[in-house]
2 protein chains.
Amino acid sequence: MSIQNTDIRQHILDTAKPIILGKGFSAVGLNELLNSAEVPKGSFYHYFKSKEYFGEALLDSYFEAYLMRLEILLSAEGMNGAERLMSYWQRWLETQCGDDAETKCMVVKLGGEVSDLSEPMRLALQRGTNHIISRLADGIEEGIADGSLPNDLVAADTALVLYNQWLGATVLTKIWRDQSALESSMCNTERILKHARPLQARSGLW
Amino acid sequence: MSIQNTDIRQHILDTAKPIILGKGFSAVGLNELLNSAEVPKGSFYHYFKSKEYFGEALLDSYFEAYLMRLEILLSAEGMNGAERLMSYWQRWLETQCGDDAETKCMVVKLGGEVSDLSEPMRLALQRGTNHIISRLADGIEEGIADGSLPNDLVAADTALVLYNQWLGATVLTKIWRDQSALESSMCNTERILKHARPLQARSGLW
DNA sequence: TCAAAAATAGACCAGTCGTCTATAGCTTAT
DNA sequence: ATAAGCTATAGACGACTGGTCTATTTTTGA
């Protein structure tokens with residue numbers, strides 16, 4: 001019935017996550033996924049319409065868990081808004097340069113690969129990244145409101161700029177196997193959040 | 001002979017480039033590549049040791065062309081250092097939101113996918129990104145020297161921060177099919193290059 | 001208790017992959 | 001001119017792919 005159903009479906013997703021975070025989407029076959037999950041191959045299509053929709057479900061499941069952790073970090077007691085934000089970036093730094101596939105960033109891993117390949121998966125990535133950035137923007141607003149961040153910060157723009165920065169640094173971290181890009185992002189994040197000036201409209205001069 | 005040899009090898013690389021920029025590495029088979037190039041399948045392994053080393057060669061060839069274009073932009077006559085740098089970002093903005101697969105960014109497309117999959121390809125990406133960032137740092141130095149950029153800029157750090165920023169924005173552009181992340185990067189790039197303060201050591205406070 | 005529905009099982013298909021061996025074609029030296 | 005040797009071409013090959021299909025088993029609810 002539905003409980004069992006959801007359990008096994010989720011079990012497939014959970015088992016697949018670190019494998020796909022390691023090898024990517026196209027490079028992994030259903031056999032490998034289902035052997036690891038110890039679920040017979042024939043069952044797969046009972047739970048998922050196709051590999052593509054399985055990928056969409058994997059991303060939805062990933063972002064659901066990610067956003068829950070983000071929510072916990074950004075609503076922690078005993079810290080001001082700036083500190084809560086920095087704890088998120090600090091965690092990002094720690095997880096993305098380690099060896100644990102389980103905690104790697106799915107946006108970095110699959111963003112480039114599947115956005116041109118599958119519209120359902122692209123849209124799942126779109127929904128997920130929008131939620132993350134939007135929650136970060138709220139976090140910045142909270143920091144401005146409690147006085148721990150400069151009040152001339154434009155929350156939505158700043159959230160996007162910071163997320164971009166960390167995304168790019170994480171790509172380079174994968175390529176370099178070295179956390180220097182992430183450290184540079186950490187410095188720059190502190191700089192932006194401390195010394196911010198309003199993001200300006202383009203001057204058109206250049 | 002060697003001329004013919006090099007021609008066909010390069011022809012395979014040139015034909016493969018837009019296909020791989022569109023679909024990624026693992027999702028594209030040799031058949032598709034070789035049919036498009038109108039080169040028989042069996043010949044492939046005469047020119048390349050394996051698909052993996054073909055991928056390495058593809059990346060080397062990509063970066064060689066990329067760095068040549070970068071060099072041209074950053075040594076253009078009649079502009080100061082800041083203007084030359086901005087012309088590079090402007091070109092990035094234009095190429096990465098268009099539909100032309102030929103001009104898309106290989107680091108964004110393959111960085112996440114192949115860094116865990118193939119060491120030769122990862123190292124090719126490492127060499128290429130290092131060269132790009134290093135040339136950008138030189139460009140920043142030139143801007144500082146001619147007075148068009150603030151002299152408190154730390155060239156190497158700034159180059160890395162900017163490249164990270166644009167890399168991440170390009171990932172989001174692929175996911176969103178929308179150039180807002182790149183526009184935000186453009187604004188932020190201008191802000192950094194105009195209003196720069198020195199990148200500070202971490203305060204340890206947060 | 002038993003019929004209906006849900007879930008599992010894995011054989012099977014057409015097609016894919018990268019590899020490999022055999023052959024054809026060209027260059028060069030004698 | 002021709003033999004030898006190397007380059008390039010050709011396609012067969014086995015292992016595996018994602019996806020489908022029909023049985024079979026298990027669970028559900030009347």
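Protein chains get the first letters and strands the later ones, always in sequence-line order, with residue 1 at the start of each.
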* **Side-chain H-bond candidate by donor/acceptor type, B:S185 with B:W89, under 3.5 Å** => no
* Whole-Å distance between C:dT8 P and A:H46 NE2? -> 6 Å
* To do: Write down the distance between CG (B:N35) and P (D:dG11), rounded to a whole number of angstrom.
  => 12 Å
* Donor-acceptor side-chain pairing of A:Q126 and A:N130 below 3.5 angstrom -> no
* Asked: Hey, are B:N188 and B:R191 close enough side-chain-wise for a donor-acceptor pair under 3.5 Å?
  -> yes
* Let me have a per-nucleotide readout for nucleotides 16-26 of chain D, 5' to 3', with B, S or -, counting only protein heavy atoms under 4.0 Å. => -SBBB------
* **Interatomic distance where CZ belongs to B:F48 and P belongs to C:dC20 [whole Å]** => 17 Å
* Asked: Hey, does the Lys NZ or Arg CZ of B:K49 hover above the aromatic six-ring of B:Y53, less than 6.0 Å from the centre and inside 45° of the axis?
  -> yes
* What is the distance, rounded to the nearest whole Å, between atom CD1 of A:I8 and atom P of D:dT27? -> 10 Å
* Side chains of A:S148 and A:E83: is there a donor and an acceptor less than 3.5 Å apart? -> no
* Asked: Taking the inter-plane angle between the rings of A:Y66 and A:Y62 on a 0 to 90° scale, is it parallel (under 30°), tilted (30 to 60°) or perpendicular (over 60°)?
  -> tilted
* To the nearest Å, how far apart are A:H11 NE2 and C:dA7 C1'? -> 15 Å
